[in-house]
Peer 1: 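The structure is given below, and queries will be raised subsequently.
All chains are named by letter (A, B, ...) in the order of the sequence lines, taking the proteins before the strands, and each is independently numbered beginning at 1.
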There are 2 protein chains.
Amino acid sequence: MYACTFCFDLEKEGAHIVTRKEVAELARVSEATVSRVFNGVGPMKEETKQRVLEAAKTLNYHPNAIAQSFARRRSGNLGVVLPYVPKVHLFSTYFFSEILSGIGSKVREKGYDLLLMLRTMEEESDYSDIFRSQKVDACIILGAGDTPQERDQLKRLQEAGHPFCLVNQHFPGERFNEVDADHEAGSYMAVRHLLQKGYRRIAFLNGSPQFSSSDDRRKGYERAMREAGIEPAGYPHWYYEGNYSRTSGYRAAARIYEHREEIDAVFSANDRMATGLMQGLREFGWEAGRDIAIIGCDNSDAARVTDPPLTSVGVPFYEMGSLAADRLLSLVLQEGEPFQLKLGTQLVVRQSCSKR
Amino acid sequence: MYACTFCFDLEKEGAHIVTRKEVAELARVSEATVSRVFNGVGPMKEETKQRVLEAAKTLNYHPNAIAQSFARRRSGNLGVVLPYVPKVHLFSTYFFSEILSGIGSKVREKGYDLLLMLRTMEEESDYSDIFRSQKVDACIILGAGDTPQERDQLKRLQEAGHPFCLVNQHFPGERFNEVDADHEAGSYMAVRHLLQKGYRRIAFLNGSPQFSSSDDRRKGYERAMREAGIEPAGYPHWYYEGNYSRTSGYRAAARIYEHREEIDAVFSANDRMATGLMQGLREFGWEAGRDIAIIGCDNSDAARVTDPPLTSVGVPFYEMGSLAADRLLSLVLQEGEPFQLKLGTQLVVRQSCSKR
DNA sequence: TTGTAGGCGTTATCAG
DNA sequence: CTGATAACGCCTACAA
């Protein structure tokens, strides 16, 4: 009998939404006091506090986050913008899932929530829309490229005073908040590695030019070559350009194979293109690591799966995401300065460039 | 001079947050009328409507989403729970990014937003917490497994009347909302394909048992074998179990190679394990498609990258996500019934099982 | 067709 | 230390 009543009550509570008011009544204090207890502000008698907490527990009270956001005029959400291209995987999902994980862990640590916004390409939507609805307090923009439109939109965001941050992308000449990786240094290391192994005729397979990492990698490649006394500009057949997709790497294989007399290694601006390249070359009977050396970038899962496993420049995407969220949320809380950070990269040597 | 004033005004507007009140004043109507116009409810004079819209445009008014949520007592957010294991990729990121994309497109189409919740494993947090704060109106749970704790939590959610949905996971005996794929049929097709190619000694590399798809795939495998007059239970060396990670597939390679006399094909419960398996076997000098046939599941990107490319059972993750979001949000709006759906799968033949 | 007014569940500011 | 009380921006009967 008692048990029944108890169960019944519990079920009712499950449906009913407990408010601060009820807690206040049960604890015989004012609603304001309940809020103080839950926000830990102001001095208060320990006994009162305990009475409130107890009442809250028996009623199973949980503050309404929406009401809090409304009253505080802060959503408590960090927005993350992802370029969304259905059925086409221009970027590696590795890139995004790592960064997202990094953001997610930091955001949770800071008591925020993550609002995901998938941006379709066709849509000319202003970034400001994201902030206008007030659903996010700040926002991290992933996969942005340096195009005139993009620059314009970001500038407007900046001028409007909306806090945002870019990850893995740099806009020269602007002072946007950014967390980037030192792709130049990473590429330099990779190409140096090839040179030390005795390769001299090293081609470069670049990605889409609107991403700053493409430019950085090209610079690293050229610096290493020039330091070795080789001027890559003198060899037109050493430069190829894809769009970071596996397919574009696959297509490059044909062109590269055409000039096989002048090439004994390829440095690719990401792993996806490198895997496509390996696959394409294999169809001509060329094996990476035997007939040609190949190095990729990102050190993604794909690099471990290919045959032979792919040497690659590791990029700390997870840490970049975490750091971006950390600094950006600090900015929102008025504690912290604008930032433009660059994290180190690391060469992970595997078999795709080991022979010789 | 005029231009200057204009610019100045625009900048001020960028910082100031325009409210409904100001629009009402400029349009010389009540605030209620502004709301009606923006929500398209109730009859109204076309002229009034235009006046309001114009005023809103000149002031650059956008309704405050938080305030709307507060008043409507609906957040307008769909929660998505992801298991979050830093630095460990138990599932393929492919799986999640596809489902997430599917959810994302549907959610946007319905005017909702996506709230991402990364769930760490250690944490014993009740799923109800997700709803208590009122930050989501419904929620899609990804990567759940059939464990006693999980079942308990989901039951409680159900009893509390919180709308949720599972994707790619079935809980026998419960009536949870689910969108699953017909893994049994897919596996059956895959194994039939092997049998038709003349393979008879087919081993099965399963994934973690807490996922219903593991069980389904085992059933499909067994049904195909039995129909061919082979009782797999009679061959203990035909069953292996990994945890869906590439590494677990790699490790299985050694055990499978040990019994190579009794095995000429392997059906793997996902692509990641299959790629690990291929890699492991290669270290013993065994090539997939030449010395052994291999088929995976998921038809992920990885299946196209391996050498040889991997035959795989395609699962419509994108559509599953989209469908789940669609039906779940319909439920929230009181239009639509509880659902338990199952989508078809498809065998994608590549070279990993072509020879012979 | 439009306006008035009460309410949503907090936060935060003042008195006491 | 604690209790009133005024916002917060919008929704929605109900009234006119």
Peer 1: Nearest whole Å is fine: how far is D/dG3 P from A/Arg28 CZ?
Peer 2: 12 Å
Peer 1: Across the strands shown, which category fits B/Val41 at heavy-atom distances under 4.0 angstrom: base, sugar-phosphate, nothing?
Peer 2: nothing
Peer 1: Answer yes or no: is there a side-chain heavy-atom contact under 4.5 Å between A/Phe176 and A/His170?
Peer 2: no
Peer 1: List the residues meeting salt bridge (Lys or Arg N to Asp or Glu O under 4.0 Å) with B/Asp180, not counting sequence neighbours, and say none if there are none.
Peer 2: none
Peer 1: Would you check if there is a donor-acceptor pair between the side chains of A/Tyr127 and A/Glu150 at a distance under 3.5 Å?
Peer 2: yes
Peer 1: For B/Ser69, report the nucleic acid contact type (base, sugar-phosphate, nothing); a contact means any heavy atom under 4.0 Å.
Peer 2: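 The residue B/Ser69 makes no contact with any strand.
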Peer 1: Any salt bridge between B/Asp129 and B/Arg132, counting N to O under 4.0 Å?
Peer 2: yes
Peer 1: Less than 4.0 angstrom from a charged side-chain N to a carboxylate O is my criterion; do B/Lys110 and B/Glu335 meet it?
Peer 2: no
Peer 1: OP1, OP2 of D/dG3 versus side-chain N and O of A/Thr33: anything below 4.0 Å?
Peer 2: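 Yes, A/Thr33 has a side-chain N/O under 4.0 Å of OP1/OP2 on D/dG3.
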Peer 1: For nucleotides 7-11 of chain D, give me every protein contact, N/O to N/O, under 3.5 Å, one pair per line with atom names.
Peer 2:
unit_1: D/dC10; atom_1: OP1; unit_2: B/Tyr61; atom_2: OH; d: 2.9
unit_1: D/dC10; atom_1: OP1; unit_2: B/Asn64; atom_2: N; d: 3.1
unit_1: D/dC10; atom_1: OP2; unit_2: B/Arg20; atom_2: N; d: 2.7
unit_1: D/dC11; atom_1: OP1; unit_2: B/Asn39; atom_2: ND2; d: 3.4
unit_1: D/dC11; atom_1: OP1; unit_2: B/Gln68; atom_2: NE2; d: 3.3
unit_1: D/dC11; atom_1: OP1; unit_2: B/Arg72; atom_2: NH2; d: 3.2
unit_1: D/dC11; atom_1: OP2; unit_2: B/Ser35; atom_2: OG; d: 2.7
unit_1: D/dC11; atom_1: N4; unit_2: B/Arg20; atom_2: NH2; d: 3.4

Peer 1: Checking B/Gln149 against B/Gln153: is there a side-chain donor and acceptor pair closer than 3.5 Å?
Peer 2: no
